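A, B, ... follow the sequence lines: proteins, then strands. Residue 1 opens every chain. Because the structure is a prediction, the values reported are computed rather than measured. These values consider heavy atoms only, across backbone and side chains, with no hydrogens, waters or symmetry-generated copies.
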Amino acid sequence: MVRVRFAPSPTGLPHIGNIRTALFNYLFAKHNNGKFILRIEDTDRERYREDALDAIIKGLKWLGINWDEGPDIGGEYGPYFQSRRIEIYHKYAKKLVDEGKAYYCDCSPERLKRVREEMRAKKLNFMYDRHCRKRNIKSDPTDPSTVIRFKMPLSGETCFDDVLRGKICFDNSTQDDIILIKSDGFPTYNFAVVIDDHLMGITHIFRGEEFISSAGKHKHIYDALGWEPPKMVHLAMILGKDRSKLSKRHGATSIMEFAEQGFLPEAMMNFLALLGWSPKDDREILSKDELVERFSLDGLSTKPAVFDIEKLEWMNGEYIRMMEVEKLTENLIPYYRKWGWINGEKYDVEYLNRVSAAMQERLKKLTDIKELGFYFFQEPSGYDEKGVRKQFKRDRIPWMKFVLEKFENLDNWREEKLEKVIAEGMEKFGVGAGKLIHPIRLAVSGLTRGPGLFELLEILGREKTIARIKRAINWIENNVEE
RNA sequence: GACCUCAUCGUCUAGCCAGGUCAGGACACAGGCCUUUCAAGCCUGUAACACGGGUUCAAAUCCCGUUGAGGUCGCCA
């Protein structure tokens, strides 16, 4: 049985790099009918953030990544918070000390800092000088004046197998006597991860390549405990547009910021899956089920990938276009509320659906409708500048007045009827359709672009159309020179 | 600095492991078609094997080196 885990630390909001790691774990588990486990690595009390756990859970759920065992739902390998597993770590740490494979150390942070600076001055690798290694201090994991350190072999070489990269080796002389238990009694990541992965029966570890260098150290701990390490898969990183590590500078980094910006979880999952993994054929739009079905180790890349938001936007647009109109409306409603376009429980779903249908193929993100479709909900507060120059010339006024009058007397406010009015105007004034259509569009929407004019007007309704055309004529008379 | 990882269009990538294809697809970009505008859709185009050696009849593909990029070197994860 395949068992994989996503093991975030609640020290910050999850960004797309973390989430993609979670996704690959998830896809691999589901592809193999295995279990996906969520474990919270909350052993750093200094950097702990109250809101982080909630953000992690929210982000994963939003994307559609569900776990089989985890902090909120439990499971037979719990607890799934490392902070609740302290006795376990102490037990194994003591065992290692008893067997002479680890030792207590009372070096102060100040001394460590000094040693580090001295080594730096000599241009040596920064490592603990093993001052306590042979002192045989008697202590206890809970004693705040001591830590427990691991006795690294002093010579030789240690290797582990990375599923993607093959054998990776480190010279033991370069490996530090890492801390297993901190002075506050909490384990370090390096220790807890080994204990938990083993005890939780993890079969495969998918994590970022920034963990490659610690994997060598983990191997020693596995060996010391007589355990077999899980299979290791170190994923290539996700980089920003400038090829540097992803950070705040690159815009939205927290996964929920993408949700707020109007990206769809299905599109986000699809896009993230393709960052560092390839289905190896020409298909790019893949549903969650298809991703699970097709996910495989040999499609995984070892090369860092640049996060390209333009492709995400394209893909999101694809998903918006594939969506049922009613579903699109449902997705848009929270934004309409947020912007005050609809209030309370009473709104015209029929109207919203027609707006959705008209705007669907023009949206890349849900929030695009704020710029592109506001006029369905609000009076335009001004007119597009270029549009004014081209379409709001004074000689258009008679044409607009003609259309206005016809509209006022129309017996049936239907697209076909509206179109007929324009045709009549073309004939009467001997001009092309655009000469009438463009000024009317600008008058009712304030924009020079959008859905077909007759569709737009029919949705908007007679009352608003008439009022807006009148207002525009007035505006031209007052603002445009002869 | 030491150690580790990586290297195909601007970007995501297929091809590499089992050498022989005009190096394929997608985003973006440019042009065209459609069209009342904008989108969408369709068609076309520009664009890459980091460099240098070697092995071989033949190298994007195998080997070595160089360069470049990234990562790690915490009582962070």
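Only the P atoms considered, B/A50 is 15 Å distant from B/U13, to the nearest whole Å. The C1' atoms of B/U72 and B/C62 are separated by 30 Å, rounded to the nearest whole Å. Separation of the P atoms belonging to B/C12 and B/G53 is 28 Å when rounded to the nearest angstrom. The same atom, P, is picked in B/U5 and in B/G20; the two are 27 Å apart, to the nearest Å. For the P atom pair drawn from B/C22 and B/C64, the interatomic distance equals 30 Å after rounding to whole Å.
Atoms NE2 (A/H220) and C1' (B/C3) sit 14 Å apart, rounded to a whole Å. Rounded to a whole Å, the CZ atom of A/R165 is 19 Å from the P atom of B/C17. Rounded to an integer number of Å, the gap from A/K311 NZ to B/U11 C1' is 8 Å. In this structure, A/N270 places its CG atom 14 Å from P of B/U13, rounding to the nearest Å. Taking atom CD1 on A/I320 and atom C1' on B/A39, their separation rounds to 12 Å, with Å as the unit. Distance, A/I205 CD1 to B/A77 P: 16 Å, rounded to whole Å. Here the C1' atom of nucleotide B/C75 and the CG atom of A/L112 are 8 Å apart, to the nearest Å. Distance OH (A/Y89) to P (B/A77): 11 Å, rounded to an integer number of Å.
Within 4.0 Å of A/V147, counting heavy atoms only, lies at least one base atom of the nucleic acid. Contacts of A/L275 with the nucleic acid, taken as non-hydrogen atoms under 4.0 Å apart, involve only primed sugar atoms and P, OP1 or OP2. At the heavy-atom level, A/C169 lies under 4.0 Å from the strands shown only through sugar-phosphate atoms. Using a 4.0 Å heavy-atom cutoff across all strands shown, A/P451 reaches at least one base atom of the nucleic acid. Residue A/G216 is out of contact with every strand shown, counting any heavy-atom pair closer than 4.0 Å. Contacts of A/C159 with the nucleic acid, taken as non-hydrogen atoms under 4.0 Å apart, are absent. Note on A/E210: only backbone sugar-phosphate atoms sit closer than 4.0 angstrom, heavy atoms only; bases stay farther off. Nucleic acid contact class of A/F211 (heavy atoms, under 4.0 Å, all strands): base. A/G450 comes within contact range of at least one nucleobase, with a heavy-atom separation under 4.0 Å. Among the atoms of the strands shown, base atoms are found under 4.0 Å from some heavy atom of A/F454. At a threshold of 4.0 angstrom between heavy atoms, the contacts of A/T11 with the nucleic acid are absent.
Counting only N and O atoms by type, the side chains of A/Y319 and A/N270 include a donor and acceptor under 3.5 Å apart. Looking at A/R165 and A/H234, their side chains never bring a donor and an acceptor atom within 3.5 Å of each other. Side-chain polar atoms of A/N190 and A/T188 form no donor-acceptor pair below 3.5 angstrom. Defined by atom type and a distance below 3.5 Å, a donor-acceptor pair is present between the side-chain atoms of A/N172 and A/T158. Side-chain atoms of A/T146 and A/D106 form no donor-acceptor pair, as typed in the model, at a separation below 3.5 Å.
Using cut-offs of 30° and 60° on the angle between ring planes, the pair A/W399 and A/F429 is tilted. Using bins of under 30°, 30° to 60° and over 60° for the plane-to-plane angle, the ring pair A/Y383/A/F392 lands in the perpendicular bin. Taking the six-membered ring where tryptophan is involved, the planes of A/F28 and A/F295 are perpendicular, since the angle between them exceeds 60° and thus also 30°.
When the side-chain nitrogen and oxygen atoms of A/S213 are compared with OP1 and OP2 of B/U5, none of them lie within a distance under 4.0 Å. Look at A/R47 and you won't find any side-chain N or O under 4.0 angstrom from OP1 or OP2 of B/C75.
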Tabulated below should be each protein N or O lying under 3.5 Å from an N or O of nucleotides 40-44 of chain B; please produce it.
unit_1 : atom_1 : unit_2 : atom_2 : d
B/A40  : O3'    : A/R321 : NH1    : 3.4
B/G41  : OP1    : A/E318 : OE2    : 3.3

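The listed nucleotides are B/C12, B/U36, B/A77; the one nearest the side chain of A/I437 is B/U36. When each of B/U72, B/G74, B/U13 is scored by its nearest atom to the side-chain atoms of A/F126, the top-ranked nucleotide is B/G74. Of the listed nucleotides (B/C38, B/G74, B/C6), B/C38 has the atom at the smallest distance from the side chain of A/R449. Checking B/C75, B/C4, B/A77 against the side-chain heavy atoms of A/S214 singles out B/A77 as nearest. Closest to the side chain of A/K303, out of B/C75, B/A77, B/A7, is B/A7. The nucleotide whose nearest atom lies closest to any side-chain atom of A/R441 is, among B/U36, B/C75, B/A7, B/U36. For A/I179, taking side-chain heavy atoms from C-beta onward, the closest of the listed nucleotides B/C27, B/C75, B/U5 is B/C75. Nearest nucleotide to the side chain of A/M237, out of B/C4, B/G70, B/U37: B/G70. Taking only side-chain atoms of A/P304, from C-beta outward, the nucleotide of B/C6, B/G74, B/C12 with the closest atom is B/C6. Distances from the side chain of A/E310 to the nucleotides B/A28, B/C38, B/C12 place B/A28 closest.
Seen from the ring of A/F6, A/R39 does not count as a face-on cation partner, given the 6.0 Å and 45° thresholds.
Judged by atom type and distance alone, A/S183 reaches the base of B/C75 through a side-chain donor-acceptor pair under 3.5 Å.
Tested against A/D177, the residues A/R149, A/R130, A/K217 include a single salt bridge (Lys or Arg N to Asp or Glu O under 4.0 Å) partner, A/R130.
Within the shown strands, B/A2 is the pairing partner of B/U72 under the Watson-Crick or G-U definition, both distances less than 3.5 Å. Pairing of B/C51, defined by two Watson-Crick or G-U wobble distances under 3.5 Å, is identified with B/G65. Across every strand in view, B/G10 sits in a pair with B/C27 that passes the Watson-Crick or G-U test at under 3.5 angstrom. The partner of B/U37 cannot be assigned: no Watson-Crick or G-U wobble pair with both contacts below 3.5 Å exists in any strand. With a cut-off of 3.5 Å on both Watson-Crick or G-U wobble distances, the partner of B/A18 is given as none.
Nearest-nucleotide positions on RNA chain B for A/D176 and A/L164 put A/L164 closer to the 5' end. Closest-nucleotide positions on RNA chain B for A/T146 and A/W277 were compared, and the one nearer the 5' end corresponds to A/W277.
Using modelled atom types, one side-chain atom of A/N316 and one backbone atom of A/L264 make a donor-acceptor pair closer than 3.5 Å.
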